[in-house]
Structure formats: C-alpha cells, structure tokens
**Q** 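Before we start, here is the structure in question, set down as structure tokens.
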Amino acid sequence: MPIKLQKESIIEKVQELAKRRGFFWQSAEVYSPVGGFWNYGPLGLVLKNKIISSWRKWFVKDENAYEIETSNILPEIVWIASGHVENFVDKIVECKKCKSKFRADHLIEDILGEKEKLEGKTTEELTRIIRENKIKCPKCEGELSEVRTFNLMFPIYVGAYEEIKCYLRPETTQASVLDFMQVYRTQRGKLPLKIAQIGKAFRNEISPRQIFMRMREFTMAELQIFFNPEETKYEDFEKLSNYEVNLLPVELRQKGEENFVGISVSKALEKGWIPNEIIAYYIAKVFAFFTEELGFRKDYIRYKELLPEERAHYAKVHWDLEVYSKDFGWQECVNNAWRSDYDLSRHQKFSKQNFSVFENGKRILPHLYEPSFGIDRIFLLLLVNSFREDKERTWLQINRKFAPYDVGVFPLVSKDELKTKAREIYILLKNDFNIFYDESDSIGRRYRRADEVGIPACITIDFQTLKDNSVTLRDRDTMQQIRTRIPDLPDVLKKFLNGASLETLS
RNA sequence: GCGGCGCUGGUCUAGCCUGGUUAGGACACCAGCCUUCCAAGCUGGUAAUCCCGGGUUCAAAUCCCGGGCGCCGCACCA
C-alpha cells in the first residue's frame with residue numbers, strides 16, 4: 001500500500017506487510033504474547049498449505065511413501081529411549097560474579113582437555129569436577145554456580161491426578177519409528193519403506209528469535225526412509241544421479257573452505273562425500289524441490305555437512321540444507337540425518353519389542369535416513385526472498401503457483417455495466433481459481449493492492465469487454481498486459497499460472 | 001538468561017527530555033462523489049486500555065519502580 005516505509009531491513013518490511021495484509025502475526029496478541037508462538041492469517045495459511053501440498057506431491061506421492069498422523073504427546077519412556085531426556089538438555093553453569101553462562105561440558109573440556117570423559121555425566125558429577133579442579137569463570141575469574149540443566153522439551157502431566165509424565169514431542173520422527181512395524185505389516189511393506197509425517201513439534205527455546213526461525217511450536221514435514229544398510233544400490237538413484245547440487249562437505253570445511261561446490265550427486269558419491277545411493281538420491285531430490293518447485297535461486301541453496309561436534313546425538317551423517325537470504329544469511333531449513341539404526345535399536349531395547357524385518361532370507365534392523373523440513377522457515381524465506389520494491393510499488397515476486405490468490409478480477413471503473421460483467425467473470429472462474437475481487441478505488445490502486453500480496457495475474461473488465469467479450473490480463477512482475485477472450489480465460493490462466501509468459505499466450 | 005534500545009488507532013508515527021493539548025498527522029478502512037488502465041482528487045465517517053501493573057503528583061503517554069513483548073549484542077540453538 002502507498003506507505004513510505006522507513007524500515008531498514010527486508011524482514012521488517014515483510015513483517016509489517018504480513019501483519020497488515022493477513023499473512024501472520026503473534027499468538028495471543030491482545031494480551032502480551034508469549035514469545036515463540038505465531039498464528040497464520042488467511043493469506044499466509046493459503047501459502048503454507050500450498051507449500052505442504054507441494055511437499056506431499058514430491059515426497060509422499062512421488063516417493064510412494066505412507067503418510068501417517070500421530071499424537072503430539074508421548075510418554076516419557078519414549079523420550080528416555082530416544083535419548084532426548086538425556087541429550088536434549090543443556091547443562092549450564094553461571095558465573096556468580098559476572099553472570100556469564102557456559103555449557104558445563106564445553107567449559108571443562110576447554111580447561112582440562114579431552115582427558116575427562118563427560119559423556120553421560122550428571123549435573124552433580126559435573127559440579128564436582130568443576131569444584132575439584134577449581135575451575136573459575138574464564139571471563140572474570142569469578143566463582144561458578146552449581147551445574148543446572150535446561151531440558152528443551154515441554155513436560156506435560158496426563159491423567160486426573162497428573163500421574164503420567166509425558167512430553168510434547170520435539171520432533172515427529174519418534175512416532176514414525178514407533179509405528180514403523182504397524183505400517184510395514186498393514187501395508188505389506190518392503191525396504192526401503194518410507195513413512196511421511198506432517199505435524200507440530202514443540203521446543204522450549206530459551207530465547208525465541210527472528211519470527212519463524214526459532215519458534216516454540218512449529219510445523220515439520222518429515223520423510224523417514226527405512227532401508228537395508230547392506231544394500232548399497234538404490235533403484236531410483238539413476239533418475240537423479242547426474243543432478244547437480246551445491247555441497248559444502250566436512251572435508252572442505254575442515255580445510256577452511258566456506259564456499260559450496262556445484263557437483264553432481266554421483267560425483268559426490270565417488271568422492272566419498274555422500275555415503276550411499278539412497279542418501280545421494282534424496283540429497284538431489286530435496287535440492288530440486290527447493291529450486292524447481294519452490295522457485296528459490298539455485299545459488300541461494302546449499303548443503304552444509306555438519307562437523308562431528310555439531311551433530312545431534314543420533315546422527316551418523318548430517319547435512320543441513322540451507323537457504324540464503326540477505327537478512328538471515330544461510331539458514332538451515334532441512335535436516336538430513338542418517339540416524340543409522342539408533343532409534344529402532346533403542347526402542348527395541350526399551351520396549352522389548354522386535355523392530356527387525358525379514359527380507360531376502362535374513363533378519364534386518366533397518367537404518368533410518370531422514371530429511372526433516374521446517375515448513376515455517378521455508379514459508380518465511382519464500383516471502384523474504386520474493387519481496388521487491390521500487391520507487392513506484394511493492395510486490396511479492398513469489399512463484400506464481402504459491403501465491404495466496406491466483407488472480408485479481410477488477411472492473412476498470414465503478415460503473416454498473418462493468419461491475420455486472422466483472423461479477424460474471426468472477427463466478428465463471430471462482431471454482432477453479434482463488435480470486436481476489438475488488439471494485440473499489442482506482443484501477444491503479446487495486447493493482448498495487450494485488451501486487452503487494454503477490455497476486456500473479458489481474459483481469460480487468462473495460463468498455464471494450466462489452467463490445468467484443470475480451471478482457472485484459474496483467475502480469476504482476478512486468479505490469480504488461482494482453483487481451484484475452486473470456487471463453488479462453490480458464491485455459492489461458494492455467495497456462496500462465498504454470499509459468500507461461502504473456503507473449504506465448506497472446 | 002544478561003546488557004543496551006524500543007513499545008502511541010489496523011499500519012507507520014508526532015508528542016515524552018522541559019508533566020496540564022478535545023493525544024496531532026500520514027496511510028489503511030467504511031459511505032458517497034469523481035474517475036475509460038497502474039498509489040489522482042473531493043465530502044463525510046469509524047477507529048487509541050498512549051504495552052501491563054504499581055508509585056510520585058492537584059494532575060502522568062510524559063517522571064520513578066516492577067513486569068510483558070520486540071530489536072541488537074553476548075550466551076544458547078540437541
């Protein structure tokens with residue numbers, strides 16, 4: 001809208017736009033909101049749902065995965081088995097003098113070196129080590145507090161007397177692992193077996209920041225691929241073996257390299273950067289989803305392999321897919337973790353159930369590879385990277401098929417005969433397209449309104465329409481127009497929304 | 001969690017230092033006029049617990065204290 005924005009960064013402008021036009025805002029805003037919780041408005045939700053439906057097409061339908069939906073609350077034992085009760089915590093000491101906080105294990109390692117084994121030590125043991133070695137605050141030499149823990153999971157007590165301790169899940173993965181056998185049996189599955197889940201996860205972040213980048217409740221879309229670790233070949237690999245992706249592997253990172261390398265996944269496999277064909281396939285597939293489906297610039301997408309000390313407790317190999325934006329730099333959007341048989345074997349041990357399958361005359365405990373997408377981050381980066389403004393106008397140059405509305409329908413001026421015709425066209429198109437119908441104010445102002453929320457096409461009904469049954473079709477990005485006959489509109493619009501240029505349609 | 005800064009109609013803000021105004025403006029929104037293609041104009045209108053709580057004062061958006069939220073930095077981000 002015609003506001004002269006004084007904002008500095010794109011994200012500030014996007015946030016203001018999002019609130020003003022109904023993409024997203026903070027939860028419980030009328031009271032002082034609790035940080036880290038966000039609501040989607042009507043326009044934002046359409047966009048989010050479009051991302052999710054694309055994801056379903058690419059990772060459920062194309063991949064022949066089984067999608068399930070599972071509960072958000074799971075008993076404590078699940079999280080003990082998964083390692084989250086033990087590992088999803090920060091053990092922290094505070095300096096009593098200067099109030100600086102340190103991770104207790106890092107601090108001890110820094111001072112004593114690797115000689116102490118800290119894995120699995122309790123807070124009391126860590127406190128004792130600090131006292132015995134007279135470790136002081138590295139900043140001001142002040143005395144350190146007792147070691148405390150912060151578990152990032154939300155505990156929740158279930159039952160009339162609150163006797164059953166549960167947690168809100170911090171990832172959807174565990175439920176897919178727990179239900180692996182159910183899916184395998186009921187669907188008469190075979191390895192590799194793929195289970196998809198789209199759902200909420202909850203983390204009690206110490207300091208939520210940057211809108212959707214660190215939320216306490218967020219949407220994940222995860223594909224769990226259970227595969228035979230002895231099988232190094234993957235039948236779909238050839239489809240994408242020559243696909244070029246941007247990689248920054250540990251091998252290069254350790255040499256101090258900071259820029260990614262464009263390389264085909266088969267070459268990366270040969271170099272040993274990627275361990276097997278199934279992972280190589282999904283590295284390519286996820287990359288393609290970002291560039292070809294979501295429409296991110298290729299040089300704005302890269303994989304960064306995590307160093308051993310950066311990896312999660314379950315991960316054997318871990319590639320973060322990162323998306324670049326001016327405001328956030330490289331931001332992790334998809335965790336791609338080879339979790340080996342960690343989860344299945346842990347649950348097998350804790351539940352005393354058998355999670356292995358019988359295939360090709362052998363019992364196999366499958367390995368798990370998991371691309372895990374942060375949908376809200378992808379949503380925000382899609383908005384931020386499509387934001388455009390010049391002297392005249394502000395627009396979202398978002399991939400046409402993800403726009404919250406497909407097409408605007410406007411009578412050129414507010415005259416009854418034009419409005420009647422415009423409403424006819426609205427009714428003609430409304431079943432097949434999301435229509436933004438607007439007949440107030442000048443046509444220029446309506447174009448601006450439409451541009452600002454990224455509506456890719458605008459149809460205007462003018463006086464010529466009444467004579468020859470044609471309308472103008474305007475392209476959001478170029479502001480150019482062609483005339484189209486009304487009977488051709490549905491077809492022309494479909495082609496346009498699928499990426500055809502105006503020239504090819506006129 | 002710590003430190004610095006900030007919070008005024010839907011949005012962006014003026015006012016705060018130097019307490020007293022019907023809390024002003026712009027944009028948006030609603031009704032109408034005008035208008036034959038890119039933020040025109042006109043008339044009228046709706047809309048603000050001045051983030052919350054407490055204190056000082058005859059009087060608080062304004063000063064003081066506590067809290068919430070946000071931004072930046074530190075720390076954290078399995």
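To find a chain, count down the sequence lines: A is the first, B the second, and so on, and within it residues start at 1. Remember, it's a predicted structure, so these values are computed and weren't measured experimentally.
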**Q** Are A/E29 and A/K19 within salt-bridge range, i.e. N to O under 4.0 Å?
**A**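 Yes, this pair counts.
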**Q** Under 4.0 Å, heavy atoms only, any strand: does A/R393 hit a base, just the sugar-phosphate, or nothing?
**A**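 Base contact.
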**Q** Restricting to nitrogen or oxygen on both sides, can you table the protein-nucleotides 30-36 of chain B pairs closer than 3.5 Å?
**A**
from, atom 1, to, atom 2, distance (Å)
B/U35, O4, A/S414, N, 3.3

**Q** Within this structure, what is the CZ-to-C1' distance between A/R209 and B/G70, rounded to whole angstrom?
**A**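 In whole Å, B/G70 C1' and A/R209 CZ are 10 Å from each other.
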**Q** Pick base, sugar-phosphate or nothing for A/Q210, based on heavy-atom distances below 4.0 Å to the nucleic acid.
**A**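 Touches sugar-phosphate only.
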**Q** Going by purine N1 to pyrimidine N3 plus the second Watson-Crick contact, or the G-U wobble pair, all under 3.5 Å, which nucleotide sits opposite B/U21?
**A**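 Result: none.
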**Q** Quick one: look up who B/C71 pairs with, Watson-Crick or G-U, both distances under 3.5 Å, and put none if it's unpaired.
**A**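 Matched B/C71 with B/G4 under the 3.5 Å cut-off.
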**Q** For a quick test of reading the model: is some side-chain N or O of A/Q26 closer than 4.0 Å to OP1 or OP2 of B/C69?
**A**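 No, outside the criterion.
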**Q** How do A/W38 and A/E332 order along RNA chain B: which one's closest nucleotide is nearer the 5' end?
**A**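 Whichever sits nearer the 5' end wins; that is A/W38.
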**Q** Need the pair for B/U43. Rule: Watson-Crick or G-U wobble, both distances under 3.5 Å, any strand; none if unpaired.
**A**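 For B/U43, the partner nucleotide comes out as B/A31, under the 3.5 Å rule.
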**Q** Nearest heavy atom decides the nucleotide; on that basis, is A/G35 or A/P170 closer to the 5' end of RNA chain B?
**A**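 Result of the comparison: A/G35.
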**Q** Between A/I459 (CD1) and B/C37 (P), how many Å, whole number?
**A**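 In whole Å, B/C37 P and A/I459 CD1 are 19 Å from each other.
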